Asks: 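Dumping the structure here so I can ask a few things about it.
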2 protein chains.
Amino acid sequence: MPKRRHLPLTALRAFEAFARHGRMSLAADELCVTHGAVSRQVRGLERLCGARLTQGPRNNLKLTDSGERLARSLGATFDEIERSFVEVRASADRELHVSCVGTLAMKWLIPRLSSFHARRPELSVRVTEAYSPVDFTREPFDAAIRLSDVATVEGATVTSFLDNFHGPVLAPGLIPAGAHFPSLGALPRLHTRPHPQAWAEWAGQAGMILPETAEHREYEHLFYMLEAAAAGLGVGLTPWIYVAADIAAGRLAAPFGFVRTPARFQLILPEQTPKRGLAHFRDWLLEESATAPPPPEMALVGA
Amino acid sequence: MPKRRHLPLTALRAFEAFARHGRMSLAADELCVTHGAVSRQVRGLERLCGARLTQGPRNNLKLTDSGERLARSLGATFDEIERSFVEVRASADRELHVSCVGTLAMKWLIPRLSSFHARRPELSVRVTEAYSPVDFTREPFDAAIRLSDVATVEGATVTSFLDNFHGPVLAPGLIPAGAHFPSLGALPRLHTRPHPQAWAEWAGQAGMILPETAEHREYEHLFYMLEAAAAGLGVGLTPWIYVAADIAAGRLAAPFGFVRTPARFQLILPEQTPKRGLAHFRDWLLEESATAPPPPEMALVGA
DNA sequence: CCTTGCTTGTGAGCTGACATCACATGCCGA
DNA sequence: TCGGCATGTGATGTCAGCTCACAAGCAAGG
């Protein structure tokens with residue numbers, strides 16, 4: 001099993017540093033090793049080459065002709081490697097890859113991104129839909145947005161940027177003419193598979209006892225459920241921010257108002273090697289969320 | 001203590017191989033590691049870059065745009081490194097660095113080298129004078145020539161190319177007119193510091209009892225001693241090959257002839273990574289030594 | 001549909017390349 | 001002659017990077 005490409009890269013780098021500085025101890029400083037390490041590397045390289053690369057007395061080493069030629073070539077080459085490496089890293093710095101719970105991305109984040117691009121044209125944002133807890137050591141995300149009431153994440157800093165309110169929504173046409181409220185017992189109740197206990201939580205927070213209902217329907221995603229609600233298939237329970245626009249446009253009605261939940265929308269940033277530009281993204285996120293309209297308050301429901 | 005030049009060379013090489021082959025398993029074969037090693041290196045590089053370099057399903061990985069750009073640059077660059085490395089090694093292959101006992105170099109080897117250069121113009125020979133036992137793992141020699149009766153050297157192959165004969169020599173003018181032999185007791189006996197027991201060995205091999213002598217002189221090197229002998233300062237003991245030319249030219253006389261010693265001139269070659277061209281050097285050495293004239297035989301000395 | 005075979009991803013654990021430390025060695029200038 | 005400064009090196013430590021073995025994703029053929 002022959003090593004076809006068995007270049008002694010470590011030794012070549014050590015030699016190149018030595019050639020540039022003229023002294024092993026300086027090269028050692030640059031590479032953050034001891035002079036002995038550089039000495040061994042250079043010696044090993046000479047053995048591999050079968051030629052002397054250095055000459056002269058110990059305290060005033062010079063390069064041989066071969067060494068000079070090798071060093072000249074290596075210098076340019078390592079520069080080139082470094083250049084393309086940092087270039088890739090820099091271009092990566094210009095792109096923020098954000099993992100975001102899908103509904104917020106679709107209903108709130110993506111529609112507003114153009115304002116971020118306008119402010120920071122040098123940065124571009126890529127949004128990927130995700131729901132599971134984020135692990136920056138395993139996934140290539142630069143930031144994550146989640147709806148959670150956990151205030152800390154191991155190895156990450158958490159910034160809450162938006163309070164959460166939730167409440168029932170339905171198609172305006174389902175509210176009986178002349179009434180302010182529909183009867184929650186008379187309509188199908190819509191659920192989502194990821195969060196089946198949502199209605200029970202809302203009832204607890206709203207101080208309501210949910211009446212029995214004729215029908216339950218379950219949807220894979222919250223935004224499917226919202227489409228169903230808008231189409232008049234029943235009453236859905238949703239965070240306010242997802243439907244603020246639909247309510248303003250009259251596609252959905254929220255006759256019971258919204259109630260605050262313990263969970264909040266959080267920006268989660270890795271503590272290890274956070275990308276430049278994330279601070280701008282966080283600032284923008286905080287400003288943008290501050291302009292969000294407050295939700296209609298919880299209405300007192302007639303029993 | 002910042003690592004100014006902390007390029008992940010191993011990871012970059014692994015990535016470059018992967019990019020060239022398009023599959024990690026092939027890159028792994030080239031680098032003589034397992035596919036897992038390449039996978040980890042590429043993944044680590046992506047983390048360092050902060051950008052994805054690969055995309056697509058596991059069984060059909062492709063490069064991202066960033067990866068493509070990086071790979072293009074790295075490919076050329078590693079080629080360049082390899083090129084200059086093998087170039088240095090090749091140029092080193094053309095030069096044979098021979099460690100040789102000084103007197104043989106001066107009196108025999110160097111005067112004949114032109115015939116080697118004429119036969120092998122692509123090879124050049126550099127001769128360095130040395131006497132101590134050679135250790136190829138510590139000294140940058142490609143070959144060594146020694147006078148020794150030890151037939152094997154650890155980690156090296158030994159080729160004897162010239163028998164050794166030694167005998168007394170002196171300035172012709174010191175031989176009394178009309179006599180064939182000078183009186184060994186009447187002349188200063190010349191010694192060398194590295195080999196002070198030479199006279200005693202010779203006496204044993206020649207079956208002679210050395211008479212007391214008026215004076216002993218010691219020289220640092222054999223060739224200083226030979227100069228002293230030629231200048232008429234006494235009788236020196238020397239290997240035949242060193243003085244063959246001086247005897248032919250009449251500068252020295254060897255009235256007692258020469259006697260064979262157990263030691264022979266040996267070419268010692270390293271077993272590890274012997275340099276191309278050494279076989280030619282050995283062949284030439286054997287041919288050249290075969291043409292050496294035989295020494296005058298040991299003369300029977302009148303008591 | 002399931003199976004088979006290709007690929008890459010990864011947890012656990014080992015190992016040797018490469019580092020350090022401390023001392024030796026060699027050259028220089030005061 | 002001696003102290004200062006640079007590199008060379010034997011002994012020893014340690015972690016980057018490897019292997020192993022298994023998991024998992026995808027494709028194609030039965």
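We name chains A, B, ... by the order of the sequence lines, and we start the count at 1 in each one. Note that the coordinates shown come from a computational prediction; the quantities given were computed from them, not determined experimentally.
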Asks: What is the distance, rounded to the nearest whole Å, between atom CD of B/Gln41 and atom C1' of C/dT8?
Replies: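 Those two atoms, CD and C1', are 15 Å apart.
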Asks: Just by distance, do the side chain of B/Asp142 and the backbone of B/His97 share a donor-acceptor pair under 3.5 Å?
Replies: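 Confirmed, B/Asp142 side chain pairs with B/His97 backbone.
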Asks: B/Glu46 has an atom CD; how far is it from atom P of C/dT8, in whole Å?
Replies: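 In whole Å, C/dT8 P and B/Glu46 CD are 13 Å from each other.
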Asks: May I ask you to say what A/Arg43 touches in the nucleic acid, namely base, sugar-phosphate or nothing, with a heavy-atom cut-off under 4.0 Å?
Replies: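 The residue A/Arg43 makes sugar-phosphate contact but no base contact.
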Asks: If we require ring centres under 5.5 Å and near-parallel planes under 30°, does B/His35 stack on C/dT7?
Replies: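 No, B/His35 does not stack on the base of C/dT7, since the centre distance and plane angle fail the 5.5 Å and 30° test.
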Asks: Quick one: B/His21 NE2 to C/dC6 P, roughly how many Å, whole number?
Replies: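 Distance, rounded to whole Å: 19 Å.
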Asks: Output yes when at least one side-chain N/O atom of A/Ser39 is less than 4.0 Å from OP1 or OP2 of D/dT7, else no.
Replies: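 Result: no.
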Asks: Which nucleotide in the set D/dC20, D/dA6, C/dA19 lies at the smallest distance from any side-chain heavy atom of A/Val33?
Replies: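 Among the listed nucleotides, the one closest to the side chain of A/Val33 is C/dA19.
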Asks: Can you tell me how far P of D/dG17 sits from CZ of B/Arg13, to the nearest Å?
Replies: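 After rounding, the reported distance stands at 10 Å.
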Asks: Salt bridge or not for A/Asp93 and A/Arg276, using N-O below 4.0 Å?
Replies: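 Salt bridge present between A/Asp93 and A/Arg276.
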Asks: May I have the distance from B/Leu12 (atom CG) to D/dG17 (atom C1'), rounded to whole angstrom?
Replies: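 Those two atoms, CG and C1', are 15 Å apart.
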Asks: Report yes if at least one side-chain N or O of A/Arg23 is closer than 4.0 Å to OP1 or OP2 of D/dT7; otherwise report no.
Replies: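 Checking A/Arg23 against D/dT7: no side-chain N or O falls below 4.0 Å of OP1 or OP2.
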Asks: Flag the pair B/Glu16 and B/Arg13 as a salt bridge only when some basic side-chain nitrogen lies within less than 4.0 angstrom of an acidic carboxylate oxygen.
Replies: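 No.
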Asks: Identify which nucleotide among D/dA6, C/dC27, C/dA19 has an atom closest to any side-chain atom of A/Ser25, counting heavy atoms from C-beta outward.
Replies: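 Per side-chain heavy atoms of A/Ser25, the pick is D/dA6.
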Asks: Ignoring hydrogens and angles, does a donor from either the side chain of B/Arg58 or the base of C/dT8 sit under 3.5 Å from an acceptor on the other?
Replies: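 Counting by modelled atom types and ignoring angles, a donor-acceptor contact under 3.5 Å is found here.
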Asks: Hey, which sits more toward the 5' end of DNA chain C by its nearest nucleotide, B/Arg40 or B/Phe18?
Replies: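 It is B/Phe18 whose nearest nucleotide is closer to the 5' end.
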Asks: Using the benzene-type ring in the case of Trp, are the ring centres of B/Phe136 and B/Phe141 under 6.0 Å apart?
Replies: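 No - the distance between ring centres of B/Phe136 and B/Phe141 does not fall below the 6.0 Å cut-off.
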Asks: Would you mind reading off the distance between A/Leu45 atom CG and C/dC18 atom C1', rounded to a whole angstrom?
Replies: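 In whole Å, C/dC18 C1' and A/Leu45 CG are 15 Å from each other.
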Asks: Round to the nearest Å and state the distance from A/Met24 atom CE to D/dA6 atom C1'.
Replies: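 One finds 10 Å between C1' of D/dA6 and CE of A/Met24, rounded.
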Asks: Any side-chain N or O of A/Thr34 under 4.0 Å from OP1/OP2 of C/dA19?
Replies: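 Negative; the distance criterion is not met.
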Asks: Going by heavy atoms in the side chains, are A/Gln55 and A/Leu63 under 4.5 Å from each other?
Replies: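 Counting from C-beta outward, A/Gln55 and A/Leu63 never come under 4.5 Å.
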Asks: Calculate the interatomic distance between A/Asp135 atom CG and C/dT10 atom C1'; express it in whole Å.
Replies: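 A/Asp135 atom CG is separated from C/dT10 atom C1' by 13 Å.
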